[in-house]
Each structure stands twice: as C-alpha cells, then as structure tokens.
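Note sheet for the following structure.
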Amino acid sequence: MAKFQAIKGTYDVMPADAPAWQHVESVIRARARAFGFREIRTPEFEDTALFVKGTGEATDIVQKEMYTFTDKGGRSLTLRPEGTPPVIRALIEHGALKESPCVKVFYLAPMFRYERPQAGRLRQHTQFGAEIVGAESPLADAEVIALLFTTLQRLGLSDLTLRLNSVGCPACRPAYRDKLVAHFRPKLETLCGNCRERIDRNPLRILDCKADRDKVQDAPAAVDSLCPSCAAHFERVKSLLEALAVPYALDKTLVRGLDYYTRTAFEVASPHLGAQDALGGGGRYDGLVEQLGGDPAPGVGFGAGLERFLLAIRNQGVPVPAGQRLDVYIAALGMAATVKGAELSGALRGKGYSCEQDLQGRSLKAQLREANKLNARYVLVIGDDELAKGSASLKDMDTHGQREVPFAELANNIEAYCECSCQG
RNA sequence: GUGGAUAUAGCUCAAUUGGUCAGAGCGCUGGACUGUGGCUCCGGAGGUUGCGGGUUCGAGUCCCGUUAUCCACCCCA
C-alpha cells in the first residue's frame, strides 16, 4: 500500500475520469448561461462567524461538521461548508445589491464538511449552486428550480423526483410549530430517541425522521398553516413550475436542514443513488441578507453535488462523451527523425492541431500501438527512408490508408492531406 | 459520533477443513517478416497477501490490536 493516500473523504480525479467531469461542467455552464446566471467565485475559507450566523448556530453543519482552524494571526477561519453565506457576503461587501435590485449568480466550487464518508458523501465535494437575490417573485423560485431540474435532464438523468414544500415565514411558522408540538407531545413515547430531543430543539425536523415515516403522515402539514401571503406565493410557484414544464411532487415532510430557509423548500432526488439520494436541494431565504448585515432582501437558491451527478450518471448507464481525440501522432525512428518530428509537430501545433510524439524511443510497432491507444486520427511515420526522401509517411488510422507527403508541404498545408475532421 | 462488512499483483478477483496457494483475467511490456496499430498467438515484468502482535511444527487462511476503505445511521450535496 502506498505510503501516502488521499485523506479520508477526498479523492483524485484521474485523467481517465476528467472527460466526464468536463462534460458535466460544460452542461452546467451552458444551462446557467441559458437562464442568465453569471458566475461568482468566492474564497475557499471564510470567517467562521459567517457560517455560525448565516448557516445557523443550531445546524449540524455548524455544530459538528465544520473544518475550523486558527491562522497565525489568531483568526478563526472555516473551510466553506456550503455556498450560500459566502455568496451573500460577497454581494453585500461589493454593494452588488445597491448597484442592481436583483442579482442572479451561480458557482461551481468545493465544499468541506467533516462527516463519515459513505456512498455519495465526501468530506470535500463539489457543488453547483445558484442564487437569485433581490426577487420576491415566485418566478424566482420557479426559475431556480427549473435551472437545477433541466440541468439534470440535460445530463441525461431520468427518473428524477422533485419534492416541493413550503415551510412558511416568520409570520406563520411559529403557529405551525406550536401545532406540530401539540400533535407530537402526547405521542412522545412512540417517537424515536432523536425525535424526542427534536421536539424541543427543532420540531419541524421530526417530519424528516426516517425511522418513523408512518407516524409522521398524519401530522399537521405546514402547507395547511401558511399565512395568506405565503399560501399565495406557494400557489404561484406551483403554477409557474407547470408553465416551465417542471414536474413536482408535493412533500409535506420535506424540511431542509438549514436555519435560514423560508417559504419554498425543494429537493431533487434520483433512485440511482444510494441512501443519500438527493442530487440537490434548496429553498427561499428571505431573511438571510439582513441577517448577514445587508439591507433586507429576499433570496432563493440551491446547492447540488457534482459527485452525485457523476454517480447517478454512471449508475444509470448514461453515456458520457469521450475526450477529444488526438489529431496527429508522430512516430519517429532514430534521433535524426526525432528532430525532424519535433520540427513538424511544432508547425502542426502552430496551426492548431493537437500533436504528440513518442518520448520513449520505442519500436515503430510500439509507437503505433500507442497512437491507437490515444485514438489518434493520423500518424506521421518518420524514419531513415523518409529522411532520405524528404517526406513523411502519413497514415490514416481510421482508413488504414497511407501516403507520402513532402516535409515542406506537410508543415504548410496539412489540411490538404487530412481531408478531415482535424480542426485547424 | 454509532453500527456492520471488507482489506491478496496497477485494476477486478481465485486460492478445498490452517500444510508447493501465492494464481487467473484485464492492463503494462517484448515478440510472432531486425520499419507499421486495433483481432489472434507466444513470452516477460509486477505481490515480504494493509500494518503489528499472538496461537501453531506450519497462517492470505484462526485470535487480538491498529489503520484504511466500503455500506448504513445521524445529517446532508
């Protein structure tokens, strides 16, 4: 076993896996552009207090999952466990919300959480997230959801389930909370240990309990206790999702784990994942901007895990486009030919072709095998014969055809000989 | 933090009740007309069986510890 290995919960994307990542990333960027979201990049670590205040003191993330350390200046810093607080912080810090009443941004960035790894869960994972800040319109909720949902569809994922719920606002939630407590308090005995604690700490989370799924079904639903404005908002979100052709399933037990959520809560899950089946989730957070020191502004967004995208893609058997093929492989025999090959590869690369040359001084057979493995379109064979004639043997790996081409012509006008797909 | 499973060549895995059991396939590499790929055939390299103890005449094969990985819980992407 190797002396050093990637630390628990982290992993390497080796060259063989890179094309799949690039594909997912490019689909995401294309979708974000289609919806008019602009990219934002924030630091990998922040003031610890940003997450304590933003994510919420009582959340599991803050309680036990943060990578927190003290730097040499005595500052308490934390590796970003989630994307929303840093984004809001940046928008406030740069006055983006004063410059424009509504901002739409997305990010693609690593997140860090100290958790026990399992299928679809890592200590460092990559999130695709998007936020719309400054819009109270239910269309903002619907657009954010549609961005996530259609991105997953574009990736070829199917059997997706979009769970939707509304958890109300500071005006109506307290009353609902009381109803819930009143409902469960008498049945305390029938609840699991976790829920007995939750009834005081955070009763809404009892709805999330997997052990007592059945006992939760007849509990009062948040959607039945919404104040008029939250109820109207939720109705519009639903009809806008229909307008956007995004199928949803109401789930009155869906409660998101972060403190800042208000009104809309949603989650997209795939049956092609393990126990952690959410590809992404999010919701509205109308109080967060103010909470973090900005002028009050509503917001809505989501976070989604790329590793889970890749996992679902693989488990579902969705084909992933292969990486770009090599245009030209130069097989040279001997030092003089190698020098000539270097000269030609320089010229070819200058014209925009991808081109590589043997570095091991191996036999021609071995070089051709290598070219084949690299899926090269053409191979230029250069040996003593070619050097004497002043021309190279240009072999088409797809048709098996081969012809002689003078060195001078090759460098200037290879297109003429590669009737082809080589891109200039 | 809790529970369960697993740790044998680069990868996927074999190895009867502890006694030639350290192997196969793939991959890598060389060759089959000393200059021509993908198929086929032949050869080669590569493992002190995660690590440390113990039991035994003898341990990948049993016991203890340790580390790591995987899966599940909590929770989340």
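The chains referred to below are lettered A, B, ... by the order of the sequence lines, with proteins before strands, and numbering in each begins at 1.
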For RNA chain B, what residues of residues 112-133 of chain A have any heavy atom nearer than 4.0 Å?
-> A:R113, A:E115, A:R116, A:Q118, A:A119, A:G120, A:R121, A:L122, A:H125, A:Q127

What does A:Q63 touch in the nucleic acid at a heavy-atom separation under 4.0 angstrom: a base, only the sugar-phosphate, or nothing?
-> nothing

Roughly how far apart are A:D141 CG and A:E136 CD, rounded to 0.5 Å?
-> 9.5 Å

Any Lys/Arg nitrogen of A:E82 or A:R113 sitting under 4.0 Å from an Asp/Glu carboxylate oxygen of the other?
-> no

Cation-pi check, A:R80 to A:F112: give yes when NZ or CZ is under 6.0 Å from the six-membered ring centre and within 45° of the ring axis, no otherwise.
-> no

Within less than 4.0 Å of OP1 or OP2 of B:rC76, is there a side-chain N or O belonging to A:R308?
-> no

According to a strict under-4.0 Å criterion, is A:K373 in side-chain N/O contact with OP1 or OP2 of B:rC28?
-> yes

Would you mind telling me which of B:rG35, B:rG37, B:rA72 lies closest to the side-chain atoms of A:K395?
-> B:rG37

Give a yes or no on whether a donor-acceptor pair under 3.5 Å exists between the nucleobase atoms of B:rU36, that is its base, and the side chain of A:Q367.
-> no

Assign A:E82 to base, sugar-phosphate, or nothing according to its heavy-atom contacts below 4.0 angstrom with the strands shown.
-> nothing

In residues 12-35 of chain A, which ones come under 4.0 Å of RNA chain B, going by heavy atoms?
-> none

Rounded C1' spacing from B:rA9 to B:rG3 in Å | 33 Å

Give A:S363 one of three labels, base, sugar-phosphate or nothing, depending on what nucleic acid heavy atoms sit under 4.0 Å from its own.
-> sugar-phosphate

Return yes if a side-chain donor-acceptor contact under 3.5 Å exists between A:E404 and A:S391, otherwise no.
-> yes

Would you say the side chains of A:E242 and A:Y248 form a donor-acceptor pair under 3.5 Å?
-> yes

Glycosidic class, syn or anti, of B:rG60 using a 90° window around 0 | syn

Determine the Euclidean distance between corresponding P atoms of B:rC57 and B:rG18; express it in Å to zero decimal places.
-> 16 Å

Pick the C1' atom in B:rG10 and in B:rU20, then give their distance to the nearest Å.
-> 27 Å

What integer number of Å spans the C1' atoms of B:rC74 and B:rC28?
-> 45 Å

Donor-acceptor pair present, A:Q402 side chain and B:rG37 base, under 3.5 Å | no

Can you tell which of B:rG35, B:rA72, B:rU29 lies closest to the side chain of A:R362?
-> B:rU29

Hey, is the side chain of A:K365 poking within less than 4.0 Å of OP1 or OP2 on B:rG35, counting only N and O atoms?
-> no

Which part of the nucleic acid does A:G383 contact within heavy-atom distance under 4.0 Å: base, sugar-phosphate only, or nothing?
-> base

What nucleic acid atoms does A:A278 come within less than 4.0 Å of, heavy atoms only: base, sugar-phosphate, or nothing?
-> sugar-phosphate

Within a strict 4.5 Å, meaning less than it, do heavy atoms of the A:P43 and A:R89 side chains meet?
-> yes

Dot-bracket for RNA chain B: what is it, with Watson-Crick or G-U pairs under 3.5 Å, [ ] where a pair crosses earlier ones, and | for a pair to another strand?
-> (((((((..((((.....[...)))).(((((.......))))).....(((((..]....))))))))))))....

Can you tell me the distance, in whole Å, between the NZ atom of A:K8 and the C1' atom of B:rA68?
-> 7 Å

N-O pairing of A:R362 and A:E370 below 4.0 Å | yes

Just by distance, with hydrogens left out, do A:E46 and A:T78 show a side-chain donor and acceptor under 3.5 Å apart?
-> no

B:rA24 and B:rG46, which share atom name C1', separated by this distance in whole Å = 15 Å

